[in-house]
Every structure is written in C-alpha cells, then in structure tokens.
Protein chains: 2
Amino acid sequence: MDAVHTLLMDHQIKPSYTRVKIFKYLQEHKNHPTVDEIYQALTEELPTLSKTTVYNTLKLYIDHHLVKELVLKEQKHYDLITTPHAHFKCDRCEQLFDIAIEPPALDETYEDAFEVRDAQLLYHGVCRSCQRSQA
Amino acid sequence: MDAVHTLLMDHQIKPSYTRVKIFKYLQEHKNHPTVDEIYQALTEELPTLSKTTVYNTLKLYIDHHLVKELVLKEQKHYDLITTPHAHFKCDRCEQLFDIAIEPPALDETYEDAFEVRDAQLLYHGVCRSCQRSQA
DNA sequence: TCCATAATTGTAATCATTACAAAATTATAA
DNA sequence: TTATAATTTTGTAATGATTACAATTATGGA
C-alpha cells in the first residue's frame, strides 16, 4: 500500500490516480509551485489532465488541511504609511482590522542573506461579531 | 497653503487637483480602501475621473513611499503543510524562500476578539545573489 | 452488465490589473 | 499673449489567473 493512498483515505479523500499524482508532486517539489507549474509538470504523465482538475484537487486538499495556500489573491488595498502593523481579515464578513503587532525582524541567520524592504503580517479567521451571529 | 500640497511637493510630486483629492481620501478613510472604493467615492466630485488615474496615482504614491499596498496580488502558491513558517520573496528574481520564523501569536488584547485560523508572514526585498549581481 | 455516484474535462465568464495611445491640461519660453 | 513642450488624465482594449458550469468519463456496487 502506498503511504499517500493511506494518508488521503485517512482524510476521507478517495485516492484517485490524478489526486495521488498531484499530492506526490507537492511532496517532491517543496518550492511552492503554482497551479500552472503543477499542471505543466504533470501534463506529460497525464496527457488528459486539465487545469480545472488541478484547481479542484488543490481546493480539496486545502479544505482538508493537507495543503496551504500561500499568498491569497484578492483585491489590493491601500494604506497611508504610518507605523508597521499587521492586519486581521475576517473570512466571513471580509472586514479588515488593524492589529498593533509589528512583523518580527529577521535574525542573524538571515540578515545578511536578505535585504528586507517590507514585511506583511496577515491573520485570517473569524471576527467577534461573526462568531456571535453564527447559527 | 495646503498641508497635502506641501507634502506632495516635498516628495517631488506635482500636486494636481486629482492627486490631492485622492491623497485626502486616503487620509480621511483609513479603512484600507480598494481602487474601486476610491474610484466610486470620488467619481461624484470628479465626474471625469478614470480608474486608470486612480491606479496611476496610487502607484506614484507607492513609489514615493507615501502609501503602502496591502495584500499583494499575485499567483497563488501551494505548500504541503509542515510547521508554521514565513517566506521571503525577492522582488528581482521572484524567487520564494522559506524563513524559519513563526508568525507571532495575538496577545490578550485581541485573542477574544478574533478567532485566528491562519497567519501569513511575508517579507519582501532583494536576495543575496541579486544584491551581488547589481550593476 | 447496468446504474448511480463521483471525478475529470473543456469552454466560457469574471474581474482586477496593466498597456497604450489619444485627449486634455498645465507649464514654459519667446 | 501665444505657441510649444511636457505632463496629466482618460478610455478602451488586452492580459491572465481564477471560477462556474455543463458535459463527459471513470469507478464501484448490485
């Protein structure tokens, strides 16, 4: 039995051929691939693969907390620069809240490898009033 | 003289009527508006305003570090869930690097107001090799 | 084998953003 | 002032990732 098979079954996901392939691709390519990269890479082995399937499968994994989506695409928002701070976005009401936390600075391990020009810290979840108004 | 006029001039930006209006809108609406919200709000006062102008003006302010762009829109990337960690994105070569820093937890001030389900910490800047290969 | 269910595909629609060229406005110099 | 140059603004079209959705295909059980 395949470890990926078992893992998917454990999460009530039927381990179809395509799903296993996509999962293994993620295991073997930890460089945060995009949908297009996954699609391009697998289309040789799976000539009938469609991009929609890649989207669907990733969504399935995300819903089951097997995969994380890295940079949420949404509209851009604009802010007059004040002090560094973070934001909380409610996934229900879509509201954006300011949070008075500064993104942590990079320590010595990284500070000569990367010249940081900006940092963004974004929390996601459910805000108070949406928690209350839940059925 | 208007304070916004002076501020823009200080940053070598000609304070045109439209530019001042957009800047003041941001000052008076700190709720992180989108391009569309700015456009919709100002289109009454400035009936000939175009969305392109809003985009252009914001880009100008961003380049002069007067305004910050809040959630960068780009392709989504996918990552198998491991431990919480941060990322560094090089603005030159577009590469994405893992950073072993955990996004800070929300303290007592916020913890009963927000139910956090996810946090993303993203650094932007220039990576080592791009710093070296600069003219 | 037949049927029901689920998985996969492909095309079209959506929508924020960008490119670009034309038009309008403003500044400059004679 | 007038002509000319430079800049700002506009509007339309293109781009490109993502989603909607209906059609097709595969799968597993009776």
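A note on names: the letters A, B, ... follow the listed sequences, proteins ahead of strands, and every chain is numbered from 1. As the structure is a computational prediction, the values presented were derived from the model and not from experiment.
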Tabulate below the donor-acceptor pairs under 3.5 Å that side-chain atoms of residues 24-32 of chain B make, not counting sequence neighbours, or state none.
{"unit_1": "K24(B)", "atom_1": "NZ", "unit_2": "D2(B)", "atom_2": "OD2", "d": "2.6"}
{"unit_1": "H29(B)", "atom_1": "ND1", "unit_2": "Y25(B)", "atom_2": "O", "d": "2.9"}
{"unit_1": "H32(B)", "atom_1": "ND1", "unit_2": "D79(A)", "atom_2": "OD2", "d": "3.3"}
{"unit_1": "H32(B)", "atom_1": "NE2", "unit_2": "D98(A)", "atom_2": "OD1", "d": "3.1"}

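A centroid separation of less than 6.0 Å is found between the aromatic rings of F97(B) and F114(A).
DNA chain C lies under 4.0 Å from no heavy atom of any residue of residues 7-24 of chain B. For residues 40-60 of chain A, proximity to DNA chain C is found at T48(A), L49(A), S50(A), T52(A), T53(A), N56(A), defined as any non-hydrogen atom under 4.0 angstrom from a strand atom.
In terms of heavy-atom proximity, Q120(B) sits nearest to E69(A) at OE1-O, 3.2 Å. Nearest heavy-atom pair, L66(B) versus L80(A), reported as atom, atom and distance to 0.1 Å: O-CD2, 3.7 Å.
In this structure, F88(A) and Y110(B) have side chains that are not in contact, with every pair of non-hydrogen atoms separated by 4.5 Å or more. R19(A) has its side chain within reach of L60(A): a pair of non-hydrogen atoms, C-beta onward, lies under 4.5 Å apart.
Spacing between atom OH of Y78(A) and atom P of dA16(C) amounts to 12 Å, rounded to whole angstrom units. One can place OH of Y39(B) at 15 Å from C1' of dT17(C), the figure rounded to the nearest angstrom. In this structure, the CG atom of D36(A) is 14 Å from the C1' atom of dT15(D), given to the nearest Å.
Rounding to the nearest 0.5 angstrom, the gap separating the NZ atom in K59(A) from the OH atom in Y78(B) is 10.5 Å.
The closest side-chain donor-acceptor pair between T109(B) and D107(B) falls under 3.5 angstrom.
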